[in-house]
Amino acid sequence: MIILSAHDSNLAAVLKAYGFNILEPVPFESDIEWELFIDDDKKYKVSVWYNGNELDLSHKNITCNDVGECDLDSFLKFTTRFAFSMPSS
């Protein structure tokens, strides 16, 4: 599990990147958690939590089941567009 606890503006930016409208300020002591695990079919899955509530990412063309467990490949395909890579030397 990876936990991001940062300034409210950082957390709001991550939530906005996932397609969520942030209508209220991010509360003090907020966090986003990414959980990577292997399901019963031996497939990697990801779930994302915000302040203890699992986020529904299926609206972003990420393949997720009805309990919020998302396919790792589709999750990475969606999220890599926000990542940057260092130039090779």
Side-chain angles (χ1 to χ4, degrees):
M1 180 181 297
I2 297 173
I3 299 174
L4 171 64
S5 181
H7 292 286
D8 57 348
S9 58
N10 299 104
L11 296 178
V14 171
L15 293 171
K16 187 69 174 167
Y18 285 138
F20 295 97
N21 272 336
I22 309 302
L23 303 176
E24 298 179 12
V26 174
F28 186 69
E29 296 182 347
S30 292
D31 64 79
I32 298 174
E33 304 168 22
W34 290 266
E35 182 179 17
L36 175 65
F37 57 95
I38 299 174
D39 68 6
D40 294 337
D41 295 327
K42 306 295 184 210
K43 294 182 181 178
Y44 284 98
K45 300 286 185 178
V46 177
S47 59
V48 182
W49 301 75
Y50 170 60
N51 289 338
N53 299 306
E54 193 164 19
L55 298 179
D56 178 11
L57 300 177
S58 60
H59 65 284
K60 287 297 179 185
N61 295 325
I62 300 174
T63 306
C64 303
N65 62 21
D66 57 347
V67 292
E69 299 169 346
C70 303
D71 177 68
L72 178 62
D73 291 331
S74 65
F75 179 80
L76 291 176
K77 184 176 179 180
F78 175 77
T79 57
T80 53
R81 66 187 183 143
F82 304 112
F84 64 92
S85 59
M86 298 298 290
S88 57
S89 46

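Note that this is a predicted model, so its numbers are computed, not measured. Counting begins at 1 with the first residue of the sequence.
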| field | Counterpart residues, side-chain hydrogen bond (donor to acceptor under 3.5 Å, both in side chains), relative to D39 (two or more places apart) | value | none

| message | Nearest 0.5 Å, please: how far is CG in D71 from NZ in K77? | response | 11.0 Å

| Hey, any chance L36 and Y50 share a hydrophobic cluster, counting ILVMFWY side chains that come within less than 4.5 Å of each other, even indirectly? | yes

| Any side-chain heavy-atom pair of N10 and V26 under 4.5 Å | no

| For T79, which residues count as a side chain to side chain contact (heavy atoms under 4.5 Å, CB included) partner, sequence neighbours excluded? | Y18, F75, L76

| query | Taking the side chain as C-beta and beyond, is there a heavy-atom pair between D8 and S30 under 4.5 Å? | reply | no

| task | Would you give the length of the straight line joining atom NZ of K45 to atom CG of L72, rounded to the nearest 0.5 angstrom? | result | 9.5 Å

| field | F20 and L57, any side-chain heavy atoms less than 4.5 Å apart | value | yes

| field | Side chain to side chain, E29 and N51, heavy atoms closer than 4.5 Å | value | no

| query | CG/N21 to CG/L15 distance, rounded to the nearest 0.5 angstrom? | reply | 11.0 Å

| field | Cluster check Y44, L55: I/L/V/M/F/W/Y, side chain < 4.5 angstrom | value | yes

| task | Could you tell me which residues satisfy side chain to side chain contact (heavy atoms under 4.5 Å, CB included) with P25, sequence neighbours excluded, listed by chain and number? | result | none

| request: Could you verify whether a donor N or O on one side chain and an acceptor N or O on the other, from E69 and S47, lie under 3.5 Å apart? | output: no

| said: Looking at every non-hydrogen atom in both residues, tell me the closest pair between E35 and W49 and how far apart they are. | reply: OE1-NE1, 3.6 Å

